[in-house]
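Some notes on the structure that comes next.
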Amino acid sequence: MWPCDSPDWSRVVGVFDLETTGVDVTSDRIVTAHVGVLDADGAPARAESWLADPGIAIPEGAAAIHGITTDQARRDGRPAPEVVAEVIAALRGLFDAGIPVVAYNAPFDFSMLKYEALRHGIEPILAPAPVIDPLVLDKRYDRYRRGKRTLSVVAQHYEVVLTGAHEASADAVAAGRVAQMLAERFADGLPATAVELHARQIGWARAQAESLSEYFVSIGRLDAEVDGAWPIR
């Protein structure tokens with residue numbers, strides 16, 4: 001049974017994840033994507049996945065992470081403009097229905113999607129909302145915990161099973177379940193609505209970026225750039 005004190009927004013959440021040719025949101029391309037909905041028990045209620053032909057070669061390093069090679073994407077992937085348009089339509093449908101969308105490290109996925117849309121002449125989502133970012137929430141509510149904050153590590157910490165890490169659907173579902181676990185564990189301190197939580201995360205993400213910048217300065221990494229814009233850049 002779902003805990004009665006968990007925020008209402010956590011009972012039905014959208015989930016979104018991309019796997020890509022690299023980490024530069026302005027120039028790299030989408031390879032796979034997943035958009036879905038989880039119910040109160042964290043079970044997938046709706047799910048849609050895409051494989052795109054990104055139109056460029058997939059570097060070996062990226063293929064080693066998500067498992068999709070250039071040959072496979074060219075053979076089995078759909079044209080990138082079609083995939084981008086359908087992913088955007090799926091996300092708009094969730095936002096229009098008032099369903100918050102969970103994305104782990106949201107600025108990466110939403111920014112990548114924005115630049116892909118602009119590349120292909122598709123109207124982008126410029127202000128996605130409401131968005132729930134488990135990375136921001138975990139840093140906010142368990143600030144001093146040591147160790148990495150990758151999805152696989154954080155999922156393990158909150159006892160969420162992640163099988164097939166770096167596969168878009170697996171990562172999306174795991175992120176959604178982590179968000180629901182955070183909602184349960186920190187229910188007393190979390191905003192009651194997704195809209196309010198979205199607004200709070202903007203400030204939290206900015207503060208976290210400033211703290212990271214200060215850390216980089218303290219260790220002599222003066223050239224490190226940290227962008228605190230959230231949930232899109």
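We count residues from 1, following the sequence as given.
Between the side chain of Thr21 and the backbone N or O of Asp28 there is no donor-acceptor pair closer than 3.5 Å. Under a 3.5 Å cut-off, the side chain of Ser111 and the backbone N or O of Arg233 do form a donor-acceptor pair. Distance alone, capped at 3.5 Å, is enough to place a donor-acceptor pair between the His66 side chain and the Thr20 backbone. Side chain of Ser218 to main chain of Tyr215: a donor-acceptor pair is present (N/O by atom type, distance under 3.5 Å, no hydrogens or angles). Between the Asp53 side chain and the Pro79 main chain, no donor and acceptor come within less than 3.5 Å of each other. The backbone N or O of Asp17 lies less than 3.5 Å from no partner atom in the side chain of Asp109, so there is not a single donor-acceptor pair. Using modelled atom types, no side-chain atom of Arg221 and backbone atom of Ser213 make a donor-acceptor pair closer than 3.5 Å. Remark: side-chain polar atoms of Trp9 are paired, donor with acceptor, to backbone N or O of Pro191 under 3.5 angstrom.
Ile132 and Tyr104 fall within a single hydrophobic cluster, where Ile, Leu, Val, Met, Phe, Trp and Tyr are joined by side-chain heavy atoms under 4.5 Å apart, directly or via other members. Both Val83 and Leu118 belong to a common hydrophobic cluster when Ile, Leu, Val, Met, Phe, Trp and Tyr are linked at side-chain heavy-atom distances under 4.5 angstrom. Taking hydrophobic clusters as Ile, Leu, Val, Met, Phe, Trp and Tyr residues chained together by side-chain heavy-atom distances below 4.5 Å, Val102 shares a cluster with Ile125. When hydrophobic clusters are built by joining Ile, Leu, Val, Met, Phe, Trp and Tyr residues whose side-chain heavy atoms come closer than 4.5 Å, directly or via intermediates, Val35 is not grouped with Ile68. Linking ILVMFWY residues whenever their side-chain heavy atoms come closer than 4.5 Å, directly or via other members, leaves Ile58 and Tyr115 in distinct clusters.
Across Ala183 and Pro7, no two heavy atoms sit closer than the pair O-CD, 3.6 Å. Residues Gly164 and Ala170 share a closest heavy-atom pair of O-CB, 3.3 Å. Here the shortest heavy-atom pairing between Glu116 and Ile30 reads OE2-N, 2.8 Å. The shortest non-hydrogen separation linking Leu18 to Ala33 is CD2-CB, 3.5 Å. In this structure, Gln180 and Val13 approach most closely via the heavy-atom pair NE2-CG2, 4.1 Å. Across Leu38 and Arg177, no two heavy atoms sit closer than the pair CD1-N, 3.8 Å.
Side-chain contact between Gln201 and Trp230 is present, with at least one heavy-atom pair separated by less than 4.5 Å. Taking 4.5 Å as the limit, some side-chain heavy atom of Pro107 sits within range of a side-chain heavy atom of Asp133. By the 4.5 Å heavy-atom criterion applied to side chains, Glu167 and Thr32 are not counted as neighbours. Two residues are said to be in side-chain contact when any heavy atoms from C-beta on lie closer than 4.5 Å; Leu113 and Ile232 fail this criterion. In this structure, the side chains of Gln208 and Arg140 come closer than 4.5 Å at one or more pairs of heavy atoms. In this structure, Val131 and Phe16 have side chains that are not in contact, with every pair of non-hydrogen atoms separated by 4.5 Å or more. Residues Val31 and Leu51 form a side-chain contact, since some pair of their non-hydrogen atoms from C-beta on lies under 4.5 Å apart. Two residues are said to be in side-chain contact when any heavy atoms from C-beta on lie closer than 4.5 Å; Pro231 and His198 meet this criterion.
Heavy atoms from other residues, nucleotides or ligands lying under 6.0 Å from CD of Gln156 number 12 at most. Dense packing is recorded around OH of Tyr141, with more than 12 heavy atoms of other residues, nucleotides or ligands lying under 6.0 Å away. Atom CZ of Arg149 has more than 12 neighbouring heavy atoms from other residues, nucleotides or ligands inside a 6.0 Å radius.
Note: Phe110 and Phe95 have tilted aromatic rings, judged against thresholds of 30 and 60 degrees for the angle between ring planes.
The structure places CG of Leu190 at 11.5 Å from CD of Glu184, a figure rounded to the nearest 0.5 Å. Atom CZ of Arg74 is separated from atom CD1 of Ile56 by 9.5 Å, given to the nearest 0.5 angstrom. We find the OG-CZ distance between Ser211 and Phe216 to be 10.5 Å, quoted to the nearest 0.5 Å. Atoms CZ and CE, on Phe186 and Met181 in that order, are 10.0 Å from each other to the nearest 0.5 Å. Taken to the nearest 0.5 Å, the CD atom of Glu19 stands 14.5 Å off from the CH2 atom of Trp50. Between atom OG1 of residue Thr26 and atom NZ of residue Lys114 there is a gap of 9.5 Å, rounded to the nearest 0.5 Å.
In summary, Glu196 and Arg200 engage in a salt bridge, as defined by a charged side-chain N under 4.0 Å from a carboxylate O.
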Evaluation steps, side chain to side chain contact (heavy atoms under 4.5 Å, CB included), between Thr193 and Asp8: CA-CA 7 Å; Thr193 69; Asp8 285 344; over 6 Å; no
Leu197 vs Leu137, side chain to side chain contact (heavy atoms under 4.5 Å, CB included): CA-CA, chis, key distance, verdict: CA-CA 10 Å; Leu197 180 56; Leu137 297 185; 3.8 Å; yes
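A side chain to side chain donor-acceptor pair (under 3.5 Å) with Asp138 is found for one member of Arg143, His157, Arg145 and no other, namely Arg145.
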